[in-house]
Amino acid sequence: MNVQRTVFARLYHRTKSVEDLPWHREQPPALLDRAIARRAAPGRALDLGCGEGVYAVHLAQRGYAVVAIDFVEAALVATRTRARQAGVELELHEGNVIDYRAPAPFDLVLDSGCLHHLPRGHVATYRKRLDDWLAPGGDYVLVHFAHRPRIGWIPKGPGHLTRAQAVELFEPLELQAYDETEFDVPFPMGRMRAGVYWFHRPTP
Ligand SMILES: C[S@@+](CC[C@H](N)C(=O)[O-])C[C@H]1O[C@@H](n2cnc3c(N)ncnc32)[C@H](O)[C@@H]1O
C-alpha cells in the first residue's frame, strides 16, 4: 500500500471542490512562464503530480503537447474536466511518477509539489529518471518545500530542501532562477515556504 497515495486520495475525496485543495492556485509559478518565454518554440511537456491540472492545461494552452501524471484518480478526473472546459487535449497517466518511463524525452518538465512527497528512498530513482525525462536543452521547473528548522520536531511529513541541497541534487542541471512562495497547509504543517527552481539542462 502506498501511504502517500492514500493520504492524497482522502484529501481529494473530502474536498467539496478541487479549488478548495490547500495547494490550489489559478496562477502558475512565474518561473514556469519565464521558462516557457525563453524557449524558441513549444514542444513536449511533462507535468509530474499534475493534481487538478491547472498547470498542465496552462502548458497545453501555450502550445505544448502535455503528458500529465498523478496517482490519484480524482486528480485525473479533475484534470480531464479542466482540459475539456479549456478545449485542449492532454495525455493522462494514472500511476506513481517514479514508475513512468517516457517513450521520448520532454523539452519541459514541471514538478509542482510532487517530489517533496516522495519517500526519501525514492528520491535517487526520481533523480535518475529526470535524466531520461528531460531532453538536453530542456527546462525543469520545481516547486519544493524549503528547509524549515522551526518545526524540525515533526517526525513525518514532506521532504525539505535548502536551495544549496537542491542545486547539488540536480547538478549538472544549471539553476537559471530561484523564487519563493508560501502555502497554508492543514495542521500539523501550517504555513510552509517553498522554493521555486528553474533549472536548464545544458546541451552537450
Ligand atoms: C501538492 S499536490 C500539487 C498538484 C499540482 N501539481 C499543483 O501544483 O497544483 C501534489 C499532487 O501530486 C500527486 N502525487 C504525489 N506523489 C505522487 C507520486 N509519487 N506519483 C504520482 N502522483 C503523485 C498527488 O496526488 C497530488 O495530486
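Note that ligands are numbered from 1 as they come in the structure, with each ligand's atoms numbered from 1 the same way.
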Flag [X] as yes when one of its N or O atoms lies below 3.5 Å from any N or O atom of ligand 1, and as no otherwise.
{"X": "Asp47", "answer": "no"}
{"X": "Ile69", "answer": "no"}
{"X": "Asn96", "answer": "yes"}
{"X": "Gly49", "answer": "yes"}

In the protein, which heavy atom is nearest to [atom], and how far is it?
{"atom": "atom 9 (O) of ligand 1", "result": "Trp23 CD1, 3.2 Å"}
{"atom": "atom 3 (C) of ligand 1", "result": "Ser112 O, 3.3 Å"}
{"atom": "atom 22 (N) of ligand 1", "result": "Phe71 N, 3.2 Å"}

Which of the numbered atoms in ligand 1 are under 4.0 angstrom from any heavy atom belonging to [X]?
{"X": "Leu118", "value": "19 (N)"}
{"X": "Gly95", "value": "20 (N), 21 (C)"}
{"X": "Tyr12", "value": "26 (C), 27 (O)"}
{"X": "Gly113", "value": "1 (C), 10 (C)"}
{"X": "Cys50", "value": "5 (C), 6 (N)"}
{"X": "Gly51", "value": "4 (C), 27 (O)"}
{"X": "Phe8", "value": "10 (C), 15 (C), 24 (C), 25 (O), 26 (C)"}

_Would you compute the distance between atom CG of Leu46 and atom CD of Glu91 and round it to the nearest 0.5 angstrom?_
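Between atom CG of Leu46 and atom CD of Glu91 there are 10.0 Å.
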_Just verifying a value: how many Å separate Glu52 CD and Thr15 OG1, rounded to the nearest 0.5 Å?_
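That separation rounds to 9.5 Å.
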Does the side chain of [X] reach to within under 4.5 Å of the side chain of [Y], using non-hydrogen atoms?
{"X": "Leu161", "Y": "Leu169", "answer": "yes"}
{"X": "Trp198", "Y": "Tyr140", "answer": "no"}
{"X": "Leu130", "Y": "Phe170", "answer": "yes"}
{"X": "Leu92", "Y": "Thr79", "answer": "yes"}
{"X": "Leu142", "Y": "Cys114", "answer": "no"}
{"X": "Leu134", "Y": "Phe106", "answer": "no"}

*Determine, for Phe183 and Arg25, whether the Lys NZ or Arg CZ falls below 6.0 Å from the six-membered ring centre while staying within 45 degrees of the axis.*
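Output yes; distance and angle both within limits.
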*Can you check whether Phe71's main-chain N or O pairs, donor with acceptor, with Arg5's side chain at less than 3.5 Å?*
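Between the backbone of Phe71 and the side chain of Arg5 there is a qualifying donor-acceptor contact (under 3.5 Å).
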*Can you tell which of Val143, Asp70, Val97 gets a heavy atom nearest to atom 20 (N) of ligand 1?*
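Considering heavy atoms of Val143, Asp70, Val97, the nearest to atom 20 (N) of ligand 1 sits in Val97.
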